[in-house]
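Could you have a look at this structure, given as structure tokens, before my questions?
Computed over heavy atoms, backbone and side chain alike; hydrogens, waters and symmetry mates excluded. Throughout, protein chains are lettered first and strands after them, A, B, ... in sequence-line order, and every chain is numbered starting at 1. Since the structure is predicted, the reported quantities are computational estimates derived from the model, not experimental observations.
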There are 2 protein chains.
Amino acid sequence: MPPADPAPAKRDKALAARRRKILEAAVMCFLENGYHQTGVRDIAAKAGISLGNLYNHFSGKHDVLVEIATLELEELAPFIRRLRRPGPALKALDRFVASYAKYLSAPENIILSIEITSEAIRKDDLAALFMENRKALVDALADLLSRGVQSGELVLRSDPQESAELVLELIEGRAYHSVLGQVPMLRLLPGLKVFLRAALGVFR
Amino acid sequence: MPPADPAPAKRDKALAARRRKILEAAVMCFLENGYHQTGVRDIAAKAGISLGNLYNHFSGKHDVLVEIATLELEELAPFIRRLRRPGPALKALDRFVASYAKYLSAPENIILSIEITSEAIRKDDLAALFMENRKALVDALADLLSRGVQSGELVLRSDPQESAELVLELIEGRAYHSVLGQVPMLRLLPGLKVFLRAALGVFR
DNA sequence: TCTCCTTGAACGAACGATCGTTCATCGTAT
DNA sequence: ATACGATGAACGATCGTTCGTTCAAGGAGA
């Protein structure tokens, strides 16, 4: 028989809150100094807990990064949901580009994703996590593009899947450029939109 | 007054060769384990020299990475040269896309550039080096695009500089995808070309 | 109500390994 | 004898992780 009901529920909630606090601290550290330049002690200090206690909540430094990556990738869900909403494809596409670009205009998101990606090169579990979530986004966008083709709103010259990947890589490329080159993403958005419309045959 | 001529010349050559050997060893280490996971001892061991001797050739670990980045970025020079050669813009563009994509199809080049870029986020000298060399490439490509517009070979809907950046980011985005997703770059090239032609108004 | 006992979150000293860097020393050619 | 490239021991710092300990809170029995 499991232990009493009400108390554990409260406990779990407090525990989850503590985990979140640690993760937020870790994110701050990783942003400021990078994953490998951040020590476990730094995370614990920033979270205001002891070194040992951190290991009561996470199995290690790598685990912390994995959890962060999971949270980060979960933020893609709203975009996917909006992409899948019925309606005129072109309008939905425009909205997606604008909102995704806005999301990526926060340097934290870009830097964090660079940090995660570069770690994923040599850590298979991170790579799998990354690819899985990205595939969901690509699929949703590809479906939207297909709808746009069927309705005659746009003209693709290669298959939707590949086009979707290219569109995403374009937006992300601009975001990287925005961070590295210290250019505000807002200034890059108009040119990006025009380029995309041409690539997707919107002017046909 | 500088020291005697003939002997030092030979010496300098041998010295440069040794430097190169160390850099090559460092590249191998960085590729295999990443910059921060590579110790100075690993580099020295791989180069077959002693730990202390490494510091006779480089002022430190960071210096080694800077030199590697310099060498890596110098490999862009041939591309810039070919972009600047006179001739039909469209043909030159096609050739550039194919050759640059082929260059980036070597995973070493991609991984190394990720390693350098992610370090550049927090090291200003690396960032400056990176931006400077990339600007030269962007400028050359932008000029080529301008020529293409003037000759009526292609139709840009935003300014050449921005278009050039977008084109480069597209190619590089595909290359990243090729590495992370374990897809051979050759398979991505046709779709990329088609997408680019549409974006640059080649079919007009 | 008071006491005893269990529980587990929190702690931080300690571990062995490794980090980047320095430098006294040695062998070798001039 | 002199100059100098090469060496690796040594340094202090820091790494990620472990683990014995403390102690406040909650439940059971009086």
Side-chain angles (χ1 to χ4, degrees), chain A residues 1-23 25-26 29-30 32-68 115 119 122-123 125-126, chain B residues 1-23 25-26 29-30 32-68 115 119 122-123 125-126:
Chain A
M1 193 158 308
D5 258 346
K10 216 198 282 180
R11 257 242 313 267
D12 285 358
K13 204 158 211 170
L15 206 134
R18 219 140 28 195
R19 275 177 70 95
R20 219 184 35 237
K21 192 176 68 177
I22 297 175
L23 288 178
C29 290
F30 293 165
E32 195 170 348
N33 300 113
Y35 175 68
H36 289 289
Q37 293 93 309
T38 297
V40 194
R41 285 163 185 80
D42 302 327
I43 302 173
K46 180 83 83 177
I49 64 163
S50 72
L51 177 57
N53 194 14
L54 193 149
Y55 279 85
N56 290 333
H57 295 280
F58 298 94
S59 70
K61 191 188 178 189
H62 177 71
D63 185 37
V64 172
L65 184 62
V66 171
E67 297 261 330
I68 289 177
E115 217 67 51
E119 183 67 5
R122 276 167 282 260
K123 295 288 165 64
D125 55 345
L126 266 181
Chain B
M1 193 157 308
D5 259 347
K10 217 197 284 181
R11 257 242 312 266
D12 285 358
K13 204 158 212 170
L15 205 133
R18 215 141 28 198
R19 275 176 71 93
R20 217 184 39 237
K21 192 176 65 175
I22 297 174
L23 287 179
C29 290
F30 293 165
E32 196 170 346
N33 300 112
Y35 175 68
H36 288 289
Q37 293 94 309
T38 296
V40 195
R41 285 162 184 80
D42 301 328
I43 302 173
K46 181 84 82 176
I49 64 165
S50 71
L51 176 58
N53 194 13
L54 192 149
Y55 280 84
N56 291 333
H57 296 279
F58 298 94
S59 69
K61 192 188 177 188
H62 178 71
D63 186 35
V64 172
L65 184 62
V66 171
E67 297 261 329
I68 288 177
E115 217 67 50
E119 183 68 6
R122 274 166 284 260
K123 294 290 165 63
D125 55 346
L126 266 180

- Task: Describe the nucleic acid contact of A:Gly52 in one word from base, sugar-phosphate, nothing, applying a heavy-atom distance below 4.0 Å.
- Result: base
- Between D:dG8, C:dC11, D:dG16, which nucleotide has the shortest distance from any of its atoms to the side chain of A:Lys61? D:dG16
- Message: Just the rounded figure in Å: distance from P of C:dT18 to OH of B:Tyr35.
- Response: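 Spelled out: OH on B:Tyr35 to P on C:dT18 is 19 Å.
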- Message: Is it the case that the side chains of A:Glu119 and A:His36 hold a donor-acceptor pair, with the cut-off being a distance below 3.5 Å and no angle test?
- Response: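 Side-chain D/A pair, A:His36 to A:Glu119: present.
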- Message: Tell me the interatomic distance from B:His62, atom NE2, to C:dT21, atom C1', rounded to whole angstroms.
- Response: 16 Å
- Query: A:Asp42 versus A:Asn33: any side-chain heavy-atom pair under 4.5 Å?
  - Reply: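 Counting from C-beta outward, A:Asp42 and A:Asn33 never come under 4.5 Å.
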- Message: Using whole Å, what does the distance between atom C1' of nucleotide D:dC11 and atom OH of B:Tyr55 come to?
- Response: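 Taking atom C1' of D:dC11 as the reference, OH of B:Tyr55 is at 13 Å.
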- When A:Asn56 and A:His36 are each assigned the nearest nucleotide of DNA chain D, the 5'-most assignment goes to A:His36
- How long is the line joining CG of A:Leu54 and C1' of C:dG12, in whole Å? 13 Å
- Find out whether A:Arg20 and A:Glu67 are in side-chain contact, i.e. whether some heavy atom of one side chain is under 4.5 Å from a heavy atom of the other. no
- Message: Using a heavy-atom cut-off of 4.0 Å across all strands, would you classify B:Ser59 as base, sugar-phosphate, or nothing?
- Response: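 Counting heavy atoms under 4.0 Å across all strands, no contact is made by B:Ser59.
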- Query: What's the CG-P distance between B:Asp42 and C:dT21, to the nearest Å?
  - Reply: 14 Å
- Item | Residue closer to the 5' end of DNA chain C, B:Leu51 versus A:Asn53 (nearest nucleotide) | A:Asn53
- Message: Of the listed nucleotides (C:dA9, D:dT7, C:dG12), which one gets closest to any side-chain atom of A:Ser50?
- Response: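 Selected nucleotide: C:dG12.
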- Task: For the side chain of B:Arg18, starting at C-beta, report the closest nucleotide among D:dG5, C:dG20, C:dA10.
- Result: D:dG5
- Task: Could you tell me the separation between the CZ atom of B:Phe58 and the C1' atom of C:dT21, rounded to a whole number of Å?
- Result: 16 Å
- Distance test, side-chain N/O of A:Arg41 to OP1/OP2 of C:dG12, below 4.0 Å: no
- Task: Check whether any side-chain heavy atom of B:Glu32 sits under 4.5 Å from a side-chain heavy atom of B:Thr38, and report yes or no.
- Result: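 In short, these two side chains do not touch, never coming nearer than 4.5 Å.
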- Query: Nearest to the side chain of B:Val40, which nucleotide is it out of C:dA10, D:dT7, C:dG20?
  - Reply: C:dG20
- Task: Measure the shortest side-chain to side-chain distance between B:Lys46 and B:Ile22 over non-hydrogen atoms and say whether it is less than 4.5 angstrom.
- Result: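 With C-beta onward as the side chain, the pair stays apart.
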- When all nucleic acid strands are considered with a 4.0 Å heavy-atom cut-off, which category describes B:His57: base, sugar-phosphate, or nothing? sugar-phosphate
